[in-house]
Every structure is written in structure tokens, then in C-alpha cells.
Engineer: 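Dumping the structure here so I can ask a few things about it.
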Amino acid sequence: VGNSEAFDTEVDSICPYCGVGCQLTYQVKDNRIINVKGREGPSNLGRLCVKGRFGFDYPRHPARLTKPLMRKPGVPKGVDPDFDPANPLTHFYEVEWDEALDFAARGLSHLRAEYGRDVLAGFGSAKCSNEEAWLFQKLVRTGFGSNHVDHCTRLCHASSVAALIECIGTGAVTASFMQAEQADVVILTGCNPAVNHPVAATFFKQAAKKGTKILILDPRGQALNAYAHKVVRFAPGTDVFLFNAMLHVIVTEHLYDETYISQHTEGFEALKQHVMRFSPEAMAPECGVEADEIRAVARLYANADKAMIFWGMGISQHTHGTDNARCLISLALACGQTGRPGTGLHPLRGQNNVQGASDAGLIPMVFPDYQPVTEAQVQSAFEELWGTPLSDKPGLTVVEIMHAIDAGTIRGMYILGENPAMSDPDLNHARSALAKLEHLVVQDLFVTETAQFADIILPAAAWAEKDGTVTNTNRQVQMGRAAIDPPGEAKPDWWIIQALANRMGLNWHYTHPRDVFAEMKQGMNSLNHITWDRLEQEESVTYPCAGDDEPGQDIVYSDAFPTLTGRAKFSAASPLPPDETLDAEYPVVLTTGRQLEHWHTGSMTRRSNVLDALEPEAVASLSPTELQKCGLQPGDDLVITTRRGQIILKARVDPLMADGMVFVPFCYVEAAANILTNAALDPYGKIPEFKYAACRLSGN
Ligand code: SF4
């Protein structure tokens with residue numbers, strides 16, 4: 001790994017992992033990537049983290065799918081612990097592409113004809129390109145005939161997007177993370193950038209070195225604590241208490257920006273009244289933070305000339321995730337902290353293209369560019385663009401689709417690059433639902449856990465094997481390029497989606513992702529002044545972009561917000577407890593997330609030699625005190641039990657963990673964290689509460 005001496009070609013592309021969107025160069029020899037270098041992209045300045053630098057060999061893993069696979073008659077659907085993805089012919093048999101596509105399309109078309117258009121659903125992927133996301137949602141809306149299309153944004157920032165759209169009229173960040181270096185104060189809350197957005201973390205470290213005061217508000221400790229001016233550890237699930245108490249301080253001490261509020265916002269008087277009952281003294285016992293500490297952090301943020309707020313899934317993955325984000329938006333609006341250099345609101349987006357896939361319409365209640373499916377004018381514009389009638393009924397979201405399968409109202413699915421048999425909450429339920437589908441088409445690189453439920457598996461090209469654009473957390477649209485050929489008969493996702501669409505009666509003739517991008521521009525104003533040719537030449541253009549020769553706007557909404565009135569709206573939030581309560585039987589808080597070395601459900605990183613060698617086995621992290629309470633030593637087997645199931649994995653001591661908590665990464669199939677998690681949903685964003693479940697810990 002990492003032999004840069006011997007390459008014969010170099011190809012510029014984008015990292016396939018997180019939403020930072022690092023630009024990189026693949027060094028290729030004999031149709032194999034042998035090394036990766038960082039490029040001078042705007043969001044990485046030549047830097048890469050361990051995943052981008054070393055996680056490049058999964059496309060040549062021996063378990064890669066090279067031909068379509070059909071389930072053998074009589075093989076039950078389910079995650080079989082004895083199944084070897086490198087030897088799938090025990091459960092499936094190989095078929096030619098024509099037979100596979102005919103079978104896939106026939107099954108879906110039959111269900112639609114028999115039971116109506118609402119019985120089919122699709123999960124697209126935030127790991128595919130913008131063009132593939134566009135085609136996937138277009139197939140569901142025009143071919144399946146419903147809006148039942150969703151993707152992993154539902155599991156990461158759906159609540160943030162719901163709050164942002166409600167309050168400021170858009171679902172994207174107001175400023176890039178590079179602006180942190182301009183800020184006097186930066187709040188990081190519910191995020192762990194050194195693990196999940198490592199190159200973005202380098203910008204926070206640089207900012208701290210230059211004098212930016214970093215305030216970290218989080219129940220867990222993290223590596224960036226070493227760079228923080230102040231660290232506030234609060235009780236899990238009490239975010240709204242803490243943020244409302246900060247707003248109380250800002251209101252009662254008149255620290256708000258009256259001029260900004262009167263010129264750019266509405267609803268402040270109601271918010272002022274609302275937060276009066278959340279004094280720091282009253283909230284301190286709730287969130288486990290001293291009242292003086294709450295006052296100090298509120299004053300630091302409000303008195304800063306330029307301040308930014310960054311947040312992650314510690315904010316969004318709660319049943320009160322939308323309320324959490326509403327509070328953060330209120331903090332920024334009250335203090336006039338948007339629209340200028342060094343200010344802004346920034347939910348750190350997870351996957352490399354979750355921003356782009358959301359923009360391109362992989363969301364059940366909106367067409368591309370977040371245009372509601374319920375608005376007649378929007379609907380008719382897309383009907384004209386695509387030449388077919390469209391449903392005006394919002395579709396079901398990820399977890400709702402699982403319930404609908406259970407209820408028999410969703411009968412067939414097309415799942416592209418997502419792995420709900422690992423990523424969905426309450427996996428025992430999700431897996432039993434997947435097994436009930438009458439027809440499941442899965443498209444992926446490997447026989448994932450979800451593919452073990454498929455009737456037909458379509459082999460897809462990996463990111464490094466295809467061309468396409470992606471949009472990172474900073475709204476930077478960037479060009480990815482094929483560096484190597486797909487193995488065997490694997491095909492680019494756009495090609496497969498089109499082949500399936502045409503077999504379902506559509507009439508598509510795209511010859512390259514460039515054709516798709518041209519069509520996207522007709523339905524997405526966000527792509528104005530961004531063309532395929534520009535991206536080929538310039539590599540990265542930020543949206544919105546005001547001219548053909550401008551790089552795009554790093555900071556937005558200096559004058560007006562994209563709402564009907566041009567004003568942002570305060571939205572008051574009242575605290576709700578987490579869905580589950582701790583009790584004598586389940587006294588510990590379980591929280592889940594990612595590791596630095598492994599990405600999401602592990603289908604790529606666990607097949608990357610270096611990354612797998614660094615983190616080869618399932619671990620749970622807990623404080624020394626919590627470990628001692630269990631009577632265990634580091635490395636011992638730890639049993640974690642919730643009201644939904646049990647897993648066994650190795651205990652790892654982590655002094656940064658709070659007592660009374662345990663953290664489990666969700667990438668290990670042998671100890672799947674989501675067997676334990678709670679499927680209760682935030683009522684607005686419909687995101688599950690991955691960050692809080694009541695559990696019990698014990699030795700094995
Ligand atoms: Fe890839 Fe994210 Fe690491 Fe950059 S920070 S190299 S985009 S995983």
C-alpha cells in the first residue's frame with residue numbers, strides 16, 4: 001500500500017468517504033490504484049485523513065461483485081452468519097445482465113400493476129454522484145409513480161435540514177468550515193470532527209492556534225478538547241435545556257443584536273417570552289452544567305464579533321433533533337451571526353455526497369432543490385420537464401418504509417448502495433421487514449447484509465471506477481473521475497438505473513453523466529452558472545454561483561434569506577425527554593456513531609487492508625469507572641443489552657467517555673450496534689434516536 005514509485009497514470013478525483021470532499025489524485029498501475037495523494041482542493045489544501053489516504057484498495061477486494069446474482073430457489077432471506085460474500089454462489093447464481101434487468105424490472109412492474117403505484121419504494125445513495133441521485137429519484141417518481149424515495153440523509157441530518165428549511169428557507173450550510181479561521185468564537189456541538197470530518201478538524205485546529213476561541217458543548221469528550229477554550233459536558237439528551245438557557249442569558253442580559261433582528265428576522269418577541277422560563281439556575285440540574293458555566297458560554301458566543309456554530313449527529317439524531325437545530329439557529333439569529341465572514345451555521349454533512357444527493361431530490365417530500373411535491377406550480381414544472389404526470393403526495397421516509405413493509409403496504413423495493421440491514425435502527429425489526437418484501441432489487445459493490453435479502457443483485461462500479469459530480473458539506477460541487485475499470489461486468493450506477501428505467505417503460509437516452517447534469521440544470525436553480533465543462537476545468541464551484549466566471553458564494557444570506565418574506569424565522573423549542581428513560585434494569589445511555597478508520601456500515605473500509613488492520617474488531621468505548629462497575633478489564637467481552645436485543649463485543653477504556661454512557665460504532669456486522677438502537681422518530685425530520693438508548697452492561 002502507498003507505493004508511489006511505480007504508478008503509470010494519475011487521475012484527479014474526490015475522496016469517496018466523508019462530506020469534507022477532499023480532492024485527491026489516484027496513482028494507478030495495471031488498472032489498480034496503488035497510491036493516493038492529496039490535492040490543493042479548497043476544503044483540504046492537500047491534506048487527507050487516514051481513510052482518504054489508505055482506504056483505496058476496496059475496489060479490488062476479492063469479494064467484489066462481477067456479475068449479476070439471482071437468489072437460488074429455497075434459500076431463505078436474511079443475514080446468514082455463515083455466508084461468505086467472497087463465495088456468494090452458495091446462496092445465489094450468476095445470470096447475464098439482460099436476464100437480471102428483465103427480472104428486476106418485471107418484478108417491480110408486476111407489483112405496480114397488481115397493487116398500484118404506492119407499493120414500490122427506493123433507497124438511493126449518498127455515495128453515488130449527483131447525476132445518479134437525480135436519475136434514481138426520477139425513476140421512482142416517474143417509473144414507480146410515487147415519492148417513496150429516501151436515503152441516508154434521513155439517518156443523519158434530516159432534522160437539521162427540517163429546521164434550516166423552516167427557519168432560514170434552505171437546507172444547506174450558510175458558510176464553509178474554512179470560515180472558522182476568520183471567527184472569534186466557534187461552537188462545536190454534537191460533533192466529533194477529529195473522527196468524523198478529520199480534515200475539517202485541521203481547520204478548527206488552525207483556527208484555535210490563530211486565536212479563535214473554540215467552545216465544545218458535548219456529553220462526550222473528544223480529541224479537539226485539547227484545542228478548546230472551553231469544554232462544556234452536559235447530560236445526554238438535554239440539549240434543548242442547555243441551548244434555551246443560553247438564549248435566556250442572551251435575552252435577559254440584552255446581548256442580542258437588535259439591528260440584525262429587526263432587519264433580517266421575525267418572531268423574536270415570541271422567542272423572548274418563550275425562553276424566560278429557562279433560567280440557567282433552573283436548567284443547571286437538568287443538563288448537569290453549572291449556571292455560571294452556562295452564562296459564560298452564552299456570553300462568549302453573544303459577545304463575539306464573528307461566531308460560527310458547527311454541529312453533527314449528536315444534535316440531529318434525537319427525537320428532539322429538529323428542536324436542537326432550531327435552538328442553534330435561534331442563537332445565531334439572535335446574535336446576528338450569519339451572512340458575514342467568520343459567521344454562520346454549519347451542520348457538518350456526513351457522506352461524501354449527502355448534500356448533493358439531497359439537493360438532487362433523494363427526499364420523499366420534495367423534488368430537487370427542496371421544492372415541495374405538494375406545490376402545484378412545482379409539480380407541473382417537473383411534469384413538463386419529465387413529460388409525465390407526478391404524484392403530489394409526500395412519500396414515506398426510511399423508517400416509515402420499514403413499517404409500511406411490515407404492514408404490507410410497501411411490497412417491492414430498489415435499494416442502491418444503502419445498507420439498511422446494518423444502518424437502520426432496531427435491526428431485528430428492520431431485517432424482518434426486509435425479508436417480507438415480495439421483490440427486492442439491490443445494487444452494490446458487494447453482497448452486503450442488505451443484499452442477503454435481495455431477489456436479484458446488480459453489480460455496480462465503485463466511485464473510483466466512474467465519472468460524476470459530488471457536492472460536499474461546504475456546497476462545493478466537485479468533479480470525480482474514473483481512475484480504473486470496474487471488475488468483470490460491474491457497471492456504473494447511472495447505466496444500471498437507466499437500463500432498469502427503460503425496462504419499466506421509460507424512454508431514457510443518456511450516454512454519459514454529462515447529459516444528466518445538463519438535465520439537472522433545467523430543474524435546479526442551485527446549479528446556475530455551474531456547468532460540466534467548468535467543473536472539468538476548475539474542479540470545484542460553490543453554489544449559489546452568480547456568474548460564469550465566479551467561484552460561487554462561500555457565505556450566503558448577507559442581505560436576505562430565501563424565505564417568502566426574505567426574513568429568517570425564530571422557532572421556539574420546548575424540551576422533550578429522550579424517547580427512552582433509564583431505569584434500574586437499563587441504567588446506562590447507549591450512543592452510536594463512527595470510528596476514524598471505518599466508514600458507516602463498513603462495507604468499504606472493512607475491505608481496505610490498512611483500515612481493517614488498524615481497527616479489526618468490534619469494540620465499545622466506556623469510561624474507566626463504567627468499566628470497573630462491570631468488573632471488566634480492557635479487551636474483555638462486554639455484553640450490551642437493550643429492550644430490543646443484545647450484542648457482545650470487546651470493551652475499550654476511553655477516559656473521554658462520560659460515566660453512565662457507552663459508545664458503539666455501527667460498522668461491525670458481528671456485533672451490529674443497531675440491534676440495540678431505538679427506532680423512535682423525531683416528528684419533523686423523521687430521524688431515529690441513534691444517540692440515546694437505555695442499556696445494561698455486563699461481562700460475558
Ligand atoms: Fe476523505 Fe473526509 Fe478524510 Fe477528507 S476528511 S480524506 S473527505 S474521509
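Whatever order the structure lists them in is the order used to number ligands and atoms, beginning at 1.
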Engineer: Would Arg220 count as a cation-pi partner of Phe663, with NZ or CZ less than 6.0 Å from the six-membered ring centre and within 45° of the ring normal?
Structural biologist: yes
Engineer: If you count every heavy atom of other residues, nucleotides or ligands that lies below 6.0 Å from Lys306 atom NZ, does the total exceed 12?
Structural biologist: yes
Engineer: Among Glu131, Gln443, Lys127, which residue meets the side-chain contact (heavy atoms from CB on, under 4.5 Å) test with Asp493?
Structural biologist: Gln443
Engineer: Could you confirm whether His197 has any N/O/S atom lying under 2.8 Å from atom 3 (Fe) of ligand 1?
Structural biologist: no
Engineer: Strictly under 2.8 Å, is any N, O or S atom of Cys49 next to atom 1 (Fe) of ligand 1?
Structural biologist: no
Engineer: Closer than 4.0 Å to some heavy atom of Lys51 - which atoms of ligand 1 meet that?
Structural biologist: 8 (S)
Engineer: Using a 4.0 Å cutoff against the non-hydrogen atoms of Val199, which atoms of ligand 1 qualify?
Structural biologist: 4 (Fe), 5 (S)
Engineer: State the NZ-SG distance between Lys51 and Cys18, to the nearest 0.5 angstrom.
Structural biologist: 6.0 Å
Engineer: Starting from atom 4 (Fe) of ligand 1, locate the nearest protein heavy atom and write down its residue, its atom name and how far away it is, to 0.1 Å.
Structural biologist: Cys22 SG, 2.2 Å
Engineer: Counting non-hydrogen protein atoms only, what is the nearest one to atom 2 (Fe) of ligand 1? Give residue, atom name and distance.
Structural biologist: Cys18 SG, 2.3 Å
Engineer: Within 45° of the axis and under 6.0 Å from the centre of the six-membered ring of Tyr58, does NZ or CZ of Arg64 qualify?
Structural biologist: no
Engineer: Using a strict 4.0 Å cut-off to heavy atoms of Gly52, name the atoms of ligand 1 that fall inside it.
Structural biologist: 6 (S)
Engineer: What protein heavy atom sits nearest atom 1 (Fe) of ligand 1, and how far away is it?
Structural biologist: Cys15 SG, 2.3 Å
Engineer: How are the rings of Phe310 and His346 set relative to one another: parallel (under 30°), tilted (30 to 60°) or perpendicular (over 60°)?
Structural biologist: tilted
Engineer: Atoms of ligand 1 less than 4.0 Å from Tyr17 heavy atoms?
Structural biologist: 8 (S)
Engineer: Would you kindly say whether His598 and Glu615 are connected by a side-chain donor-acceptor distance under 3.5 Å?
Structural biologist: no
Engineer: Which atoms from ligand 1 have a heavy atom of Gly21 less than 4.0 Å away?
Structural biologist: 7 (S)
